Every structure is written in C-alpha cells, then in structure tokens.
Amino acid sequence: TLAIDLDIENPYGVGLPLLGVDYDLTSRGTRFLAGRAEGGLTVPARGVARYPFTVKIPFAGVLKVLTALRPGGTFPYEAELGLFVDTPVAGEIRVPVSHSGEMPIPDVPDVDLAEIRWGELSLSRIAATLALDIENPNSFPLDLSRLDYGLALAGVRVGGAGISRAASFPAGGSHRIEVPLSFSPLGAGQGLLDML
C-alpha cells in the first residue's frame with residue numbers, strides 16, 4: 001500500500017471542491033501504476049488543504065515490470081497527476097500536476113536475540129530482559145515506533161507484549177533494544193517448570 005499526501009493551495013477567493021485525482025506513475029519510462037482516487041474535500045479560499053489517499057500496488061507485478069527494483073533500495077519515479085476541481089464558473093476542470101523523486105522499497109530488518117538476562121525466578125513469577133540486535137539492511141534510514149514480541153520456551157509460548165519505543169536506524173546500521181518480559185511458570189505447565 002502506497003500512501004500519498006497532496007498539499008493543494010487555492011489562490012482564489014472561493015473554496016474549490018476536489019472531486020477526484022487521477023495518477024500515472026512511471027519509472028525510467030515504464031508505467032507501474034495508474035488509476036483514480038475519489039475526492040471529498042474542499043480546498044478553502046486562499047488556503048491550503050492536505051489530501052491523503054492510498055493506492056494498492058501489485059508488488060509481484062511491479063517486480064516483473066521494474067527489473068531494477070530491489071528491496072532495501074530506492075528507485076526513481078515520475079508522477080503525472082490530475083486534480084479534478086469544481087469551479088463556480090467553468091464547472092469541473094482538470095488541473096495537471098507533475099512530480100518526480102525517489103521511492104524507497106523497504107526490506108525487513110534482521111532481528112537476533114543476543115541474550116536473555118533472567119531477573120526474578122520464583123514459582124509465581126519469572127522476569128527477564130531480552131536483548132535484541134536489530135540491523136537495518138536498507139540503503140535509507142528507518143525509524144522504529146513500535147515492537148511486538150513473543151517468547152516460547154521448549155515449544156510453550158510463555159509471554160509476549162508490545163512496546164512503543166522510538167529508535168532510529170541509519171542506512172545499514174544496527175541497534176540493540178532491551179525489552180522486558182515476565183510470566184508465571186505455573187501457568188505455562190509442569191514441563192516448562194521442570195526445564196527451568
């Protein structure tokens with residue numbers, strides 16, 4: 001899913017209803033996405049409105065068309081857009097807009113469990129800290145805002161949670177994140193308790 005935000009400035013003294021946007025995206029002369037999104041907002045008089053919309057990209061099909069596309073890198077694109085606005089005098093008109101840039105294709109970060117440091121060990125509660133080494137294989141930086149994790153011991157899922165922790169990973173860089181985990185060994189079963 002590709003999220004697109006358009007900031008539309010209206011220099012006129014009346015509001016302009018946005019009826020829709022058509023788009024045609026190419027890379028090095030090869031089209032990989034085209035379509036139309038519905039409008040639904042009015043750009044205020046002498047003001048600016050942000051119009052967000054999303055489009056679905058058939059990733060496997062795009063890979064066949066754009067042979068230079070590789071996860072973890074970027075590729076150049078050219079976008080030809082048409083803004084359909086409802087004007088008071090002329091009615092519906094199409095305003096052409098062009099934009100070019102580079103689009104990142106994110107690859108999945110590599111995550112390794114570096115160590116488990118056990119804290120409290122009792123029949124009612126076990127607490128540990130998981131040290132995760134996360135490496136960014138991309139040629140552009142990534143920002144982490146949330147991490148969901150789970151832990152299984154001897155095939156038994158003993159816990160998991162999600163944490164919101166901001167971390168920045170430079171291109172090709174790595175970072176260690178420590179996450180807390182606690183669970184009840186009694187609730188996990190006698191087999192797990194015997195192993196511990």
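Quantities reported herein were computed from a predicted structural model and do not represent experimental measurements.
- Hydrophobic cluster membership is shared by Met103 and Tyr23, with clusters built from Ile, Leu, Val, Met, Phe, Trp and Tyr side chains linked at under 4.5 angstrom.
- A heavy-atom distance below 4.5 Å is found between the side chains of Leu132 and Leu113.
- Remark: side-chain polar atoms of Asn136 are paired, donor with acceptor, to backbone N or O of Pro170 under 3.5 angstrom.
- Side-chain contact check for Ile8 versus Arg50: every heavy-atom pair is 4.5 Å or farther apart.
- Using a 4.0 Å cut-off between charged side-chain N and carboxylate O, Glu80 and Arg31 make no salt bridge.
- At a threshold of 4.5 Å between non-hydrogen side-chain atoms, the residues Leu142 and Pro109 count as touching.
- Although no hydrogens or angles enter the test, the distance criterion places no donor-acceptor pair under 3.5 Å between the side chain of Ser168 and the main chain of Asp143.
- Salt bridge annotation for Arg46-Glu9: absent, with no cationic side-chain nitrogen under 4.0 angstrom from a carboxylate oxygen.
- How far CG of Leu2 is from CG of Leu33: 7.0 Å, rounded to the nearest 0.5 Å.
- Atom CG of Leu19 is separated from atom CZ of Arg94 by 13.5 Å, given to the nearest 0.5 angstrom.
- Annotation: the span from Ser100 atom OG to Leu25 atom CG amounts to 11.0 Å, rounded to 0.5 Å.
- For Asp22 (side chain) and Gly35 (main-chain N/O), no donor-acceptor pair under 3.5 Å exists by modelled atom type.
- Distance alone, capped at 3.5 Å, is enough to place a donor-acceptor pair between the Asn10 side chain and the Pro44 backbone.
- Proximity of a side-chain donor or acceptor of Ser122 to a complementary backbone N or O of Arg125 within less than 3.5 Å is detected.
- Side-chain contact check for Ile93 versus Phe84: every heavy-atom pair is 4.5 Å or farther apart.
- Judged purely by distance below 3.5 Å, without hydrogens or angles, the side chains of Glu178 and Thr129 never pair a donor atom with an acceptor atom.
- Counting heavy atoms from C-beta outward, Val97 and Leu83 have side chains that approach closer than 4.5 Å.
- Cluster membership for Tyr149 and Trp118, using ILVMFWY side-chain heavy atoms within less than 4.5 angstrom, is shared.
- The two residues Pro106 and Phe140 come nearest to each other via the heavy atoms CA-CZ, 3.6 Å.
- Cation-pi geometry between Arg28 and Tyr77 is not met: the NZ or CZ atom fails to fall both under 6.0 Å from the ring centre and inside 45° of the normal.
- The minimum heavy-atom distance linking Leu16 with Pro88 is given by the pair CD2-CD, 4.4 Å.
- Ion pairing between a basic and an acidic side chain is recognised when a charged N comes within 4.0 Å of a carboxylate O; Glu115 and Arg117 show such pairing.
- Atoms CD1 and OG, on Ile126 and Ser182 in that order, are 10.0 Å from each other to the nearest 0.5 Å.
- Counting only heavy atoms from C-beta outward, the side chains of Leu18 and Thr42 never approach each other to under 4.5 Å.
- In this structure, the side chains of Val95 and Leu81 stay at 4.5 Å or more apart for every pair of heavy atoms.
- At least one side-chain heavy atom of Val179 sits under 4.5 Å from a side-chain heavy atom of Leu147.
- Residue Arg146 holds its CZ atom at 4.5 Å from CG of Asp148, rounded to the nearest 0.5 Å.
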